[in-house]
Amino acid sequence: QRELVESGGGSVESGGSLKLSCQATHHTYNSFCMAWFRQTPEKEREGVARHLRDLRDNTTTEYADSVKGRFTISRDANKRMMFLQMDNLKPEDSARYYCAACSTLSASIVPISDYWGQGTQVTVSS
């Protein structure tokens with residue numbers, strides 16, 4: 001059984017939209033922090049967005065500066081699913097996107113394990 005399954009990627013033109021989905025299992029879903037990451041062959045994996053929940057069930061979202069105002073992260077805790085709505089896509093958003101549980105202790109978006117799913121490819125043409 002794959003523990004993290006990302007889907008929804010594809011090829012779009014600049015300015016287009018895509019919505020990514022992530023299905024986690026009870027092993028890989030973290031109710032306090034889930035995040036999206038992306039990677040290209042030329043760059044290291046980077047955090048794109050994270051969705052945080054505290055003990056009082058308050059939620060917050062954080063984004064990398066490069067996607068702020070264009071991407072929206074959300075999740076369905078009951079289904080252990082997470083989503084990334086990507087609007088006004090740019091060619092520099094082209095990458096393979098991954099979801100993972102993240103750290104609540106770091107100021108930046110970082111994963112809490114080395115386990116990764118297969119990811120989903122996003123290609124944005126100019």
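The figures that follow rest on heavy atoms only: side chains count, while hydrogens, waters and symmetry mates do not.
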From [X] atom [atom1] to [Y] atom [atom2], the distance as rounded to the nearest 0.5 Å:
{"X": "T28", "Y": "Q23", "atom1": "OG1", "atom2": "CD", "result": "8.5 Å"}
{"X": "Q85", "Y": "S17", "atom1": "CD", "atom2": "OG", "result": "5.5 Å"}
{"X": "C33", "Y": "D54", "atom1": "SG", "atom2": "CG", "result": "12.0 Å"}
{"X": "E6", "Y": "Q121", "atom1": "CD", "atom2": "CD", "result": "12.0 Å"}
{"X": "S14", "Y": "N88", "atom1": "OG", "atom2": "CG", "result": "7.0 Å"}
{"X": "T104", "Y": "I112", "atom1": "OG1", "atom2": "CD1", "result": "8.5 Å"}

Following the transitive rule for hydrophobic clusters with a side-chain heavy-atom cut-off under 4.5 Å over Ile, Leu, Val, Met, Phe, Trp and Tyr, establish whether Y98 and L20 coincide in one cluster.
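Different clusters.
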Establish whether M34 and I109 are linked, either directly or via other cluster members, by ILVMFWY side-chain heavy-atom contacts under 4.5 Å.
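No; tracing contacts between hydrophobic side chains, which count when under 4.5 Å, never links both residues.
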Do [X] and [Y] have side-chain heavy atoms sitting under 4.5 Å apart?
{"X": "V67", "Y": "R38", "answer": "yes"}
{"X": "L89", "Y": "F71", "answer": "yes"}
{"X": "P111", "Y": "C102", "answer": "no"}
{"X": "V12", "Y": "V122", "answer": "no"}
{"X": "C22", "Y": "M81", "answer": "no"}
{"X": "F32", "Y": "L52", "answer": "no"}

In this structure, which one of M82, E3, R75 forms a side-chain contact (heavy atoms from CB on, under 4.5 Å) with Y29?
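One option only clears the test, and that one is R75.
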Go through I73 and W36 one step at a time and tell me if the side-chain contact (heavy atoms from CB on, under 4.5 Å) criterion holds.
CA-CA 8 Å; I73 188 172; W36 286 97; 3.6 Å; yes
I would like to know whether E46 and Q39 meet side-chain contact (heavy atoms from CB on, under 4.5 Å); could you show each step before the answer?
CA-CA 6 Å; E46 64 171 344; Q39 187 173 24; over 6 Å; no
Just checking, is any N or O donor in the side chain of R2 or Q118 under 3.5 Å from an acceptor N or O on the other one?
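On atom types as modelled, these side chains qualify, holding a pair under 3.5 Å.
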Is a side-chain donor-acceptor pair under 3.5 Å present for T61 with R50?
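On atom types as modelled, these side chains do not qualify, holding no pair under 3.5 Å.
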Please check: side-chain N/O of [X] versus main-chain N/O of [Y], any donor-acceptor pairing under 3.5 Å?
{"X": "R80", "Y": "D76", "value": "no"}
{"X": "S94", "Y": "T123", "value": "no"}
{"X": "R53", "Y": "T59", "value": "no"}

Would you call the rings of W116 and F37 parallel, tilted or perpendicular, where under 30° means parallel and over 60° means perpendicular?
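Because their plane-to-plane angle is over 60°, the rings of W116 and F37 count as perpendicular.
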Show the numbers, then the answer: is there a side-chain contact (heavy atoms from CB on, under 4.5 Å) between T72 and Y63?
CA-CA 8 Å; T72 304; Y63 300 90; 3.9 Å; yes
Sidechain N-carboxylate O distance under 4.0 Å for K90, D93:
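No, no charged N to carboxylate O under 4.0 Å.
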What are the two closest non-hydrogen atoms of S125 and P91, and how far apart are they?
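That closest heavy-atom pairing would be C-CG, 4.4 Å.
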